[in-house]
Structure formats: C-alpha cells, structure tokens
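Data block below; observations after.
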Amino acid sequence: MFEVKGVTKRYGKVIANDNISFDVKDGEIAVLLGPNGAGKSTIIKCIAGLLRFEGEIRLCGHPNKSLEAKALLGYIPEMPAVYDLLTVGEHMEFIARAYQMTDWKPYADELLARLELTDKRDKLGKELSKGMQQKVSICCALLHRPRVVIFDEPMVGLDPHAIKELKEIFLELKRAGASVLISTHMLDSVEDYWDVAHIMMNGSFAATKFNRPDEEGEKTLEELFFDITEGSGAAR
C-alpha cells in the first residue's frame with residue numbers, strides 16, 4: 001500500500017496541492033478525478049518523487065524517495081518520455097538492467113505482444129507515434145512487476161485494443177495485490193474498475209466516494225463529479 005499524509009505543494013504563492021491525505025491499500029484501485037488544473041498530476045509527481053513537497057509519502061512503508069520505494073514503483077506519466085535513440089527492445093533491456101532483473105525476456109515479450117508492439121521491437125523511440133510511445137511507457141513501467149502502480153491519464157492516445165488490454169491489466173494488478181492509482185478526467189475510462197474515487201478541485205479533495213451498492217438517494221460517481229465540477233460544489 002502507499003500513504004499520503006498532509007502533502008502540500010507550492011509554486012511560489014500558488015498552492016497546487018493543499019494538505020492532501022489518502023492511502024491506497026493492497027489490491028485496491030483508486031482514481032483521481034477532476035478537471036484540468038485541479039492538481040491531479042502534481043500530487044502524482046509528488047508520489048513518484050519528482051517534486052519537492054511538504055508532508056509525508058510512504059510506499060509499502062518506505063519514504064517515497066528512497067531506493068526501496070523506487071524499486072516498488074511503476075509510474076506511467078501523462079506525456080510518454082521515451083529515449084529517441086533506443087529501440088523498443090532496448091527500452092525493455094534498459095529497464096531490466098536498471099532493476100537488475102534476470103529471466104525478464106518472457107514477460108517483456110508478453111507485454112509487447114499484448115500491446116501490439118512485437119513488430120515494433122526494432123523501431124527507435126523517435127520513430128514511434130505518441131500512442132506507440134505510450135504503450136512503450138506502460139511496458140517499461142510494468143516490467144519489474146511493481147507493487148505500487150501510478151497511471152496519469154493512461155488512455156490518452158491509445159487505440160481501442162490497447163485500451164481494452166490496459167483495463168484488463170488494471171484488474172490483473174488488483175488481483176495480484178498491487179496498489180493502483182489512476183488519474184483521469186475521463187469518467188467512462190474507469191467506471192467499472194475503481195474501488196475508491198477522489199474528486200479534486202483547486203488543489204484539494206472536494207469529495208471521496210467508495211464503490212459499493214448505491215444506497216437510496218446516494219449520488220452516482222458521475223452525478224457527484226458534475227455536481228462538484230459544474231455545480232456549486234457546496235456541502236458534500
């Protein structure tokens with residue numbers, strides 16, 4: 001699991017994340033919902049150790065910037081960042097060497113096949129479309145079988161087959177006991193997969209909803225989302 005406690009991130013006088021606290025348990029899929037600029041990507045970058053922040057973040061009990069935590073983390077950024085002069089196959093080998101993996105090739109082949117990259121194995125990063133780069137980013141993040149997996153807008157640019165496979169990967173990670181966090185503004189992309197949803201507005205959590213049989217009178221996630229993001233967003 002991972003825990004976020006009282007995290008605040010400032011850019012000068014601008015507060016991008018305001019005292020955020022939540023956790024994602026083993027075998028749980030949490031989603032961050034909110035319009036662009038709500039602070040979703042900022043808190044994800046804090047969790048991934050890419051930004052300085054006030055507060056505390058721990059992955060499986062380890063401080064998030066420690067080597068122990070980084071070895072357990074898989075991070076798929078909103079904008080894929082592949083190496084221009086490495087082939088798809090070399091990206092996988094680079095990750096395997098970085099994590100000192102052995103016997104990694106069968107799983108690498110499986111990931112590439114699932115995301116229809118097998119025939120792109122010898123293509124350079126700079127020769128790939130954005131959608132293909134996103135697929136490579138996903139494969140690289142999953143190769144070392146992380147215990148904490150963070151997806152930032154993972155569906156953007158993916159073709160229908162890749163979206164179908166990624167949704168199945170969400171469920172496989174959950175069944176394997178991983179802690180999964182998905183940031184998105186596309187409600188329909190996660191509607192059948194989430195356990196808990198946090199709706200963000202203006203750098204903080206406006207509401208949290210658990211996925212359970214709807215009680216009489218309880219708003220659906222979609223209704224709650226639009227009430228907050230398009231309505232008054234008053235007392236929740």
Side-chain angles (χ1 to χ4, degrees), residues 1-7 9 17 20-32 40-83 86-115 117 125 133-154 165-166 168-183 195-196:
M1 68 177 293
F2 70 88
E3 304 167 283
V4 176
K5 297 180 180 178
V7 168
K9 174 59 184 177
N17 289 152
I20 292 177
S21 296
F22 71 105
D23 61 56
V24 182
K25 298 176 177 59
D26 295 341
E28 185 173 76
I29 297 176
V31 296
L32 288 179
K40 304 186 304 296
S41 290
T42 298
I43 189 62
I44 279 183
K45 288 176 182 176
C46 288
I47 295 168
L50 300 177
L51 296 175
R52 295 179 180 176
F53 58 87
E54 301 169 36
E56 182 181 13
I57 300 174
R58 301 184 74 86
L59 278 58
C60 301
H62 305 288
N64 73 312
K65 293 188 178 182
S66 66
L67 289 177
E68 292 86 353
K70 291 181 182 298
L72 299 169
L73 175 67
Y75 170 51
I76 296 88
E78 180 177 8
M79 296 296 292
V82 302
Y83 295 100
L86 289 185
T87 67
V88 171
E90 288 169 344
H91 274 84
M92 304 300 279
E93 182 174 355
F94 175 79
I95 294 299
R97 291 190 180 192
Y99 285 92
Q100 299 180 337
M101 299 176 63
T102 58
D103 195 27
W104 55 272
K105 290 185 179 180
Y107 188 48
D109 291 342
E110 177 187 334
L111 289 171
L112 295 176
R114 291 184 68 173
L115 293 177
L117 288 172
Q133 290 180 353
Q134 180 76 338
K135 292 180 184 182
V136 173
S137 181
I138 292 168
C139 291
C140 288
L142 297 178
L143 182 61
H144 66 292
R145 301 182 188 271
R147 300 296 302 165
V148 173
V149 192
I150 302 174
F151 297 89
D152 193 357
E153 300 289 357
E165 284 296 325
L166 185 56
E168 181 58 33
I169 287 170
F170 291 158
L171 296 178
E172 291 171 4
L173 289 168
K174 175 182 172 68
R175 289 193 290 267
S179 304
V180 181
L181 179 65
I182 306 167
S183 170
D195 296 302
V196 58

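Side chains are part of it too, since the values below use all heavy atoms of this structure and drop only hydrogens, waters and symmetry mates. Sequential numbering from 1 along the given sequence is applied to the chain's residues.
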message: Run Ile44 and Tyr75 through side-chain contact (heavy atoms from CB on, under 4.5 Å) and show every step you take.
response: CA-CA 9 Å; Ile44 279 183; Tyr75 170 51; 3.5 Å; yes
query: Would you say the side chain of Asp152 lies within less than 4.5 Å of the side chain of Lys40, judging by non-hydrogen atoms?
result: no
- line: For Leu143 and Met101 the tightest heavy-atom approach is O-CE, 3.2 Å
- request: Go through Lys105 and Asp103 one step at a time and tell me if the salt bridge (Lys or Arg N to Asp or Glu O under 4.0 Å) criterion holds.
  value: CA-CA 6 Å; Lys105 290 185 179 180; Asp103 195 27; over 6 Å; no
- prompt: Which distance, rounded to the nearest 0.5 Å, do you find between the CG of Leu142 and the CD of Glu110?
  reply: 10.5 Å
query: Got Val4 and Asp23 here, is their nearest side-chain heavy-atom distance under 4.5 Å?
result: no
message: Counting C-beta onward and ignoring hydrogens, is there a side-chain heavy-atom pair between Glu165 and Leu115 closer than 4.5 Å?
response: yes
message: Salt bridge or not between Glu172 and Arg114? Use side-chain N to carboxylate O under 4.0 Å.
response: yes
- prompt: Hey, are Asn17 and Thr42 close enough side-chain-wise for a donor-acceptor pair under 3.5 Å?
  reply: no
- line: Value for SG (Cys139) from CG (Leu111), rounded to nearest 0.5 Å, stands at 5.0 Å
- prompt: What are the two closest heavy atoms between Gly74 and Pro146, and how far apart are they?
  reply: N-CB, 3.4 Å
Inter-residue atom distance Met92.CE - Leu117.CG, 0.5 Å rounding: 8.5 Å
field: Exceeds 12 heavy-atom contacts within 6.0 angstrom, atom OH of Tyr99
entry: yes
statement: Heavy atoms of Leu51 and Cys46 approach each other most closely as CB-SG, 4.1 Å
- line: Closest non-hydrogen contact found for Leu72 with Cys60 is CD1-CB, 3.6 Å
message: Evaluate Leu59 against Ile57 for side-chain contact (heavy atoms from CB on, under 4.5 Å), listing each step before the verdict.
response: CA-CA 7 Å; Leu59 278 58; Ile57 300 174; 3.9 Å; yes
field: side-chain contact (heavy atoms from CB on, under 4.5 Å) evaluation trace for Leu86 with Val82
entry: CA-CA 8 Å; Leu86 289 185; Val82 302; over 6 Å; no
- prompt: Rounded to the nearest 0.5 Å, how far apart are CG of Leu73 and CD1 of Ile47?
  reply: 9.0 Å
field: Contact list for residues 133-144, test side chain to side chain donor-acceptor pair (under 3.5 Å), sequence neighbours left out
entry: Lys135-Asp159
field: Euclidean distance, Lys174 NZ relative to Glu28 CD, rounded to 0.5 Å
entry: 7.0 Å
field: pair Val148-Met1: side-chain heavy atoms closer than 4.5 Å
entry: no
field: Test of ring centre spacing under 6.0 Å for Phe151 and Phe170
entry: yes
query: Cationic tip of Arg58 within the cone over Phe2's six-membered ring, i.e. under 6.0 Å and within 45° of the normal?
result: no
message: In the structure I gave you, are the side-chain heavy atoms of Lys5 and Phe22 within less than 4.5 Å of one another anywhere?
response: no
- prompt: Should we count NZ of Lys45 as having more than 12 external heavy atoms under 6.0 Å?
  reply: no
message: Take a 6.0 Å sphere around NZ of Lys65 and say whether it holds more than 12 heavy atoms from other residues, nucleotides or ligands.
response: yes
task: With the side chain counted from C-beta on, respond yes when Tyr83 and Glu90 share a heavy-atom pair under 4.5 Å apart, and no when they do not.
output: no
Residue pair Ile150, Ile76: steps toward the side-chain contact (heavy atoms from CB on, under 4.5 Å) verdict: CA-CA 6 Å; Ile150 302 174; Ile76 296 88; over 6 Å; no
task: Using a strict 4.0 Å threshold on nitrogen-to-oxygen distance, state whether Glu168 and Arg175 make a salt bridge.
output: yes
Smallest separation among heavy atoms of Arg147 and Ala176, with atom names: NH1-O, 3.2 Å
message: Show the nearest heavy-atom pair for residues Ser179 and Val24, with the distance to one decimal.
response: OG-O, 3.4 Å
- request: Taking the side chain as every heavy atom from C-beta outward, state whether Ile182 and Val180 have any pair of such atoms under 4.5 Å apart.
  value: yes
